[in-house]
Amino acid sequence: MNVLILGSGGREHALAWMISRSTLLETLYVAPGNAGTGSLCRNIDLQVNDFDGIATFCLKNSIDMVVVGPEEPLVRGIKDHFASEKELSGIMVIGPDRSGARLEGSKDFAKEFMKKYNIPTASYLAVTTDNIDEGKKFLGSLNPPYVLKADGLAAGKGVVILDDRREAEKELDDMLRGKFGEASSKVVIEEFLDGIELSAFILTDGKDYLLLPEAKDYKRIGENDTGPNTGGMGSISPVPFAGIEFMKKVEDRVIRPTVEGLQSEGIDYRGFIFFGLINIGGDPFVIEYNVRLGDPETEAILPRIKNDMLEILISAGRQELKRQKTDIDERHAASIMLVSGGYPGDYEKGIEISGLEDAAGSSSADNEAGTEIFLFHAGTKLKAGRIVTNGGRVLAVSSLSGSLDEALKRSYRAAAMISFEKMYYRRDLGKDLI
Ligand code: AMP
Ligand code: GLY
């Protein structure tokens, strides 16, 4: 099989690493990729939303499967684009079509879907300029803090949480007036849920699904969860507070009703679903759906999946997942994100990174049985033969080890061997759980 992965982050490097190990693989490409994917396979200079460019490349290079990393091409309908043209329609696209991608592309759609299929989530109201007064009344009926979400994709910035009701009302006006452009022409106001968050993942073929390892990510830039939100500063898997009983509730109350609901809606969904969950007193509630894998969760969960990734993706594409079973490594994974100084605000790019080889070899160096280190590149690129920074989130340092504590230690030890000017990472990951 010839496979093209779309995206350029740590998630895509982890996917590329895993697919590159498959015996079913012939040639692997990543577009646009990063220095990490470039060392594994061929990077192609194409942007993820350039559907025509991607289609032409696929035909020229006999691509059999396109694995879509980020949500935007899915929400914009890359699958529909491929399905609508005869010569492209035989290419498997891993990810939902536009109708399925609304689970992430429209908060209102996702909330309505959950309501219809009795999936536990926060109570809500969808507001446009036509019912602002009703929206303000709804705010009045809620206890603070107030959660306002732009309906559409807003580059991860469309959720605003405010303590003060007047501020929330003003924010509602601002959002409806275009604070997030078209994405906030509709706003979902939600009840605030107080609990501890985690991420659950499945690969589905629209009928059956494989439950992948769950993870917890760390979103804030500062230690002890302070400061602004980021794309994610690291993650761990498994999640200690998501035991067998809790995960059974997740499957019974959330995952199965979601897959069945999609089927009832006539949505042919073949791809990953990411359930953003919150555990409230032992019961799971859905905060959000994403129609892709998480980043940085992927960098912790993929090393724990022992299956041939390409084989299970093919099964998902052919609607034959029923025949597959997951094979999960019992070890713990911890992934630490190294970021550029200034991120998530302004930061410089093009800074040389050193120590990568030492870090990669740090588990075998002293022959630690049962420990493995993985370096997944995010914002990196190759410049004149050197690896330099090329984004806010630069590298994910992951490890697998016998306990969470050990995995964290290994990842931190490897992280400390890497350096670039103004490099920053959180040093408290997992401390809340040990
Ligand atoms: P979302 O983009 O929907 O995941 O929201 C971003 C973040 O806002 C989530 O990861 C939560 O930390 C927080 N959040 C979203 N909705 C709620 C809610 N109803 N109650 C509490 N926190 C929320
Ligand atoms: N880690 C959260 C996300 O991928 O959206």
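Each ligand, and each atom within it, is numbered from 1 in the order the structure gives.
- Screening residues 179-223 for ring pair (Phe, Tyr, Trp, His ring centres under 6.0 Å), with sequence neighbours left out, gives F201-F274.
- Among all heavy-atom pairs drawn from P284 and R253, the shortest one is CD-NH1, 4.0 Å.
- A side chain to side chain contact (heavy atoms under 4.5 Å, CB included) with L313 is found for one member of N307, I94, L321, D308 and no other, namely I94.
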side-chain hydrogen bond (donor to acceptor under 3.5 Å, both in side chains) assessment of D151 paired with S106: CA-CA 5 Å; D151 178 60; S106 166; 2.9 Å; yes
Going through the distances and angles, do Y289 and T258 end up as a side-chain hydrogen bond (donor to acceptor under 3.5 Å, both in side chains)? CA-CA 10 Å; Y289 287 112; T258 298; 2.8 Å; yes
Per-pair distances, ligand 2 N/O vs protein N/O, less than 3.5 Å:
{"unit_1": "ligand 2", "atom_1": "1 (N)", "unit_2": "D217", "atom_2": "OD2", "d": "2.9"}
{"unit_1": "ligand 2", "atom_1": "1 (N)", "unit_2": "D295", "atom_2": "O", "d": "3.1"}
{"unit_1": "ligand 2", "atom_1": "1 (N)", "unit_2": "E297", "atom_2": "OE1", "d": "2.7"}
{"unit_1": "ligand 2", "atom_1": "1 (N)", "unit_2": "E297", "atom_2": "OE2", "d": "3.2"}
{"unit_1": "ligand 2", "atom_1": "4 (O)", "unit_2": "R292", "atom_2": "NH1", "d": "3.0"}
{"unit_1": "ligand 2", "atom_1": "4 (O)", "unit_2": "D295", "atom_2": "N", "d": "2.9"}
{"unit_1": "ligand 2", "atom_1": "4 (O)", "unit_2": "D295", "atom_2": "O", "d": "3.4"}
{"unit_1": "ligand 2", "atom_1": "5 (O)", "unit_2": "R292", "atom_2": "NH1", "d": "3.4"}
{"unit_1": "ligand 2", "atom_1": "5 (O)", "unit_2": "R292", "atom_2": "NH2", "d": "2.9"}

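- With sequence neighbours left out, the ring pair (Phe, Tyr, Trp, His ring centres under 6.0 Å) criterion links F51 to H81.
- For the residue pair N290 and E71, no side-chain donor N or O sits within less than 3.5 Å of a side-chain acceptor on the partner.
- Listed here is the closest heavy atom pair of E299 and A396: CG-CB, 3.8 Å.
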List, pair by pair, the atoms of ligand 1 and of the protein that are both N or O and lie under 3.5 Å apart, giving the separation rounded to 0.1 Å.
{"unit_1": "ligand 1", "atom_1": "2 (O)", "unit_2": "E288", "atom_2": "OE1", "d": "3.4"}
{"unit_1": "ligand 1", "atom_1": "3 (O)", "unit_2": "K107", "atom_2": "NZ", "d": "3.1"}
{"unit_1": "ligand 1", "atom_1": "3 (O)", "unit_2": "K149", "atom_2": "NZ", "d": "3.1"}
{"unit_1": "ligand 1", "atom_1": "4 (O)", "unit_2": "E288", "atom_2": "OE1", "d": "3.1"}
{"unit_1": "ligand 1", "atom_1": "4 (O)", "unit_2": "E288", "atom_2": "OE2", "d": "2.8"}
{"unit_1": "ligand 1", "atom_1": "10 (O)", "unit_2": "E197", "atom_2": "OE1", "d": "2.8"}
{"unit_1": "ligand 1", "atom_1": "10 (O)", "unit_2": "K219", "atom_2": "NZ", "d": "3.2"}
{"unit_1": "ligand 1", "atom_1": "12 (O)", "unit_2": "E197", "atom_2": "OE1", "d": "3.4"}
{"unit_1": "ligand 1", "atom_1": "12 (O)", "unit_2": "E197", "atom_2": "OE2", "d": "2.4"}
{"unit_1": "ligand 1", "atom_1": "16 (N)", "unit_2": "K149", "atom_2": "NZ", "d": "3.0"}
{"unit_1": "ligand 1", "atom_1": "19 (N)", "unit_2": "E190", "atom_2": "OE1", "d": "2.7"}
{"unit_1": "ligand 1", "atom_1": "19 (N)", "unit_2": "E191", "atom_2": "O", "d": "2.9"}
{"unit_1": "ligand 1", "atom_1": "20 (N)", "unit_2": "L193", "atom_2": "N", "d": "2.8"}

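- In terms of heavy atoms, I189 sits closest to G135 at CD1-O, 3.5 Å.
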